[in-house]
Undergrad: 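Provided herewith is a single structure, encoded as structure tokens, for subsequent inquiry.
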Amino acid sequence: MAELKTRPGNDDVDAFLNGVEHDTRRADALVLRDVMAEITGEEPTMWGKTIVGFGSYHYVYESGREGDWFLTGFSPRKKSMTLYIMSGFGGFDEKLGRLGKHKTGKSCLYVNKLADVDMDVLKELIESSVAYLRATRPAP
């Protein structure tokens, strides 16, 4: 079975974030670092070279594959800010309707800049996802 390439590491989160070239994306990343740390009560950790993750949980797929992943996190990508809402978006239609300008993938929320979204709603999404994972998935 292939091993995950994205793992927690010891790289400096602040150095990574301060090195983000795009001024708005860098400022937004620093805000997200503080928001996610407050919500999770966890320190940020670099997962791979470009993802800032908070906390972790253990998963097991029906196939038997298992591993550990972060509860929530983000990556300041060139095209947009990617936020990882690891519970997915099932049951979040009402919140997403109030969020503002965004796109979603399976567990990814894409925003161009935090000014495009309602920060209170974003915090609700993150809090709901983290609470769900903590209630349904064991800690590693």
Side-chain angles (χ1 to χ4, degrees):
M1 192 176 309
E3 197 157 316
L4 275 178
K5 293 179 183 177
T6 305
R7 300 171 180 240
N10 295 318
D11 291 345
D12 186 314
V13 171
D14 289 336
F16 168 69
L17 297 178
N18 287 321
V20 173
E21 289 184 28
H22 190 278
D23 292 340
T24 302
R25 191 115 334 107
R26 181 182 335 104
D28 286 353
L30 294 170
V31 168
L32 286 172
R33 175 200 59 200
D34 295 344
V35 165
M36 289 183 174
E38 181 179 332
I39 288 170
T40 63
E42 304 279 353
E43 291 295 318
T45 300
M46 291 301 302
W47 284 69
K49 296 294 182 189
T50 62
I51 298 173
V52 179
F54 297 82
S56 60
Y57 68 95
H58 189 75
Y59 64 85
V60 180
Y61 292 136
E62 287 182 21
S63 67
R65 181 177 177 189
E66 61 184 291
D68 299 322
W69 202 247
F70 50 85
L71 291 169
T72 193
F74 68 91
S75 183
R77 309 271 186 206
K78 286 189 180 207
K79 187 174 179 181
S80 63
M81 182 70 75
T82 302
L83 290 85
Y84 298 95
I85 308 298
M86 299 315 301
S87 65
F89 299 101
F92 290 161
D93 290 344
E94 185 272 332
K95 285 180 177 78
L96 291 172
R98 295 186 291 121
L99 181 60
K101 187 177 175 184
H102 70 279
K103 293 180 182 177
T104 60
K106 184 174 181 178
S107 293
C108 295
L109 177 69
Y110 304 100
V111 298
N112 289 327
K113 56 188 178 294
L114 292 181
D116 290 342
V117 299
D118 182 317
M119 284 301 293
D120 290 332
V121 176
L122 181 60
K123 289 176 186 178
E124 288 176 28
L125 280 167
I126 297 166
E127 288 168 350
S128 296
S129 176
V130 168
Y132 173 80
L133 289 171
R134 284 185 167 154
T136 61
R137 305 290 191 281

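Values below: every heavy atom of this structure, side chains too, minus hydrogens, waters and symmetry copies.
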Undergrad: Side chains of Val52 and Thr45: does their closest heavy-atom pair fall under 4.5 Å?
TA: no

Undergrad: Tell me whether Met86 shares a hydrophobic cluster with Tyr110, the cluster being built from Ile, Leu, Val, Met, Phe, Trp, Tyr side chains joined at under 4.5 Å.
TA: no

Undergrad: For the pair Arg98 and Glu94, find out whether any cationic side-chain nitrogen is under 4.0 Å from an anionic carboxylate oxygen.
TA: yes

Undergrad: For atom OH of Tyr57, is the number of surrounding heavy atoms from other residues, nucleotides or ligands below 6.0 Å larger than 12?
TA: yes

Undergrad: Taking atom NE2 of His102 and atom OG of Ser80, what is their separation to the nearest 0.5 Å?
TA: 12.0 Å

Undergrad: Ring centres under 6.0 Å, that's the criterion: do Phe70 and Tyr84 meet it?
TA: yes

Undergrad: Counting N and O atoms only, with roles assigned by atom type, does the side chain of Ser129 sit under 3.5 Å from a partner on the main chain of Leu125, one being a donor and the other an acceptor?
TA: no

Undergrad: Considering non-hydrogen atoms only, spot the tightest contact between Leu17 and Pro76 and give its length.
TA: CD2-CG, 4.4 Å

Undergrad: Answer whether the closest heavy-atom distance between the side chains of Ile51 and Met46 falls below 4.5 Å.
TA: no

Undergrad: Provide the closest heavy-atom pair for Leu114 versus Val111 in the form atom of the first, atom of the second, distance.
TA: CD2-CG2, 4.4 Å

Undergrad: side-chain contact (heavy atoms from CB on, under 4.5 Å) between Asn112 and Lys101: does it pass, once the steps are laid out?
TA: CA-CA 8 Å; Asn112 289 327; Lys101 187 177 175 184; 3.8 Å; yes

Undergrad: So how far is it from Ile85 CD1 to Lys106 NZ, rounded to the nearest 0.5 Å?
TA: 15.0 Å

Undergrad: Do you know which two heavy atoms are closest between Phe54 and Pro44, and how far apart they sit?
TA: CE2-CB, 3.4 Å

Undergrad: I'd like to know if Arg134 pairs up with Glu42 as an ion pair, taking the criterion as any Lys NZ or Arg NE/NH1/NH2 lying under 4.0 Å from an Asp or Glu carboxylate oxygen.
TA: yes

Undergrad: Find out whether Leu122 and Leu32 are in side-chain contact, i.e. whether some heavy atom of one side chain is under 4.5 Å from a heavy atom of the other.
TA: yes

Undergrad: What is the ring orientation for Phe92 with Phe89, classed by angle as parallel under 30°, tilted 30 to 60°, or perpendicular over 60°?
TA: perpendicular

Undergrad: Would you find a donor on one side and an acceptor on the other, under 3.5 Å apart, between the side chain of His58 and the backbone of Arg137?
TA: no

Undergrad: Could you check whether atom CD of Glu38 has more than 12 heavy atoms from other residues, nucleotides or ligands sitting under 6.0 Å from it?
TA: no

Undergrad: Run the side-chain contact (heavy atoms from CB on, under 4.5 Å) test on Glu43 and Val13 for me, step by step, so that the C-alpha distance in whole Å, both residues' side-chain angles and the decisive distance to 0.1 Å come before the verdict.
TA: CA-CA 10 Å; Glu43 291 295 318; Val13 171; over 6 Å; no

Undergrad: Would you call Arg25 and Asp28 a salt bridge, using N to O less than 4.0 angstrom?
TA: no

Undergrad: With a 4.5 Å cut-off on side-chain heavy atoms, are Arg65 and Val60 touching?
TA: no

Undergrad: Met36 versus Phe74: any side-chain heavy-atom pair under 4.5 Å?
TA: yes

Undergrad: Tell me whether Asp11 is salt-bridged to Lys49, with the criterion being a basic N under 4.0 Å from an acidic carboxylate O.
TA: yes

Undergrad: Could you state the interatomic distance from NE2 (His22) to NZ (Lys113), rounded to the nearest 0.5 Å?
TA: 8.5 Å

Undergrad: Could you measure the distance from the CD1 atom of Ile126 to the CD1 atom of Ile39? Nearest 0.5 Å is fine.
TA: 4.5 Å

Undergrad: Just by distance, do the side chain of Arg26 and the backbone of Val20 share a donor-acceptor pair under 3.5 Å?
TA: yes

Undergrad: Using side-chain heavy atoms (C-beta onward) and a distance below 4.5 Å, is Leu99 in contact with Leu109?
TA: yes

Undergrad: Tell me whether Lys78 is salt-bridged to Glu21, with the criterion being a basic N under 4.0 Å from an acidic carboxylate O.
TA: no

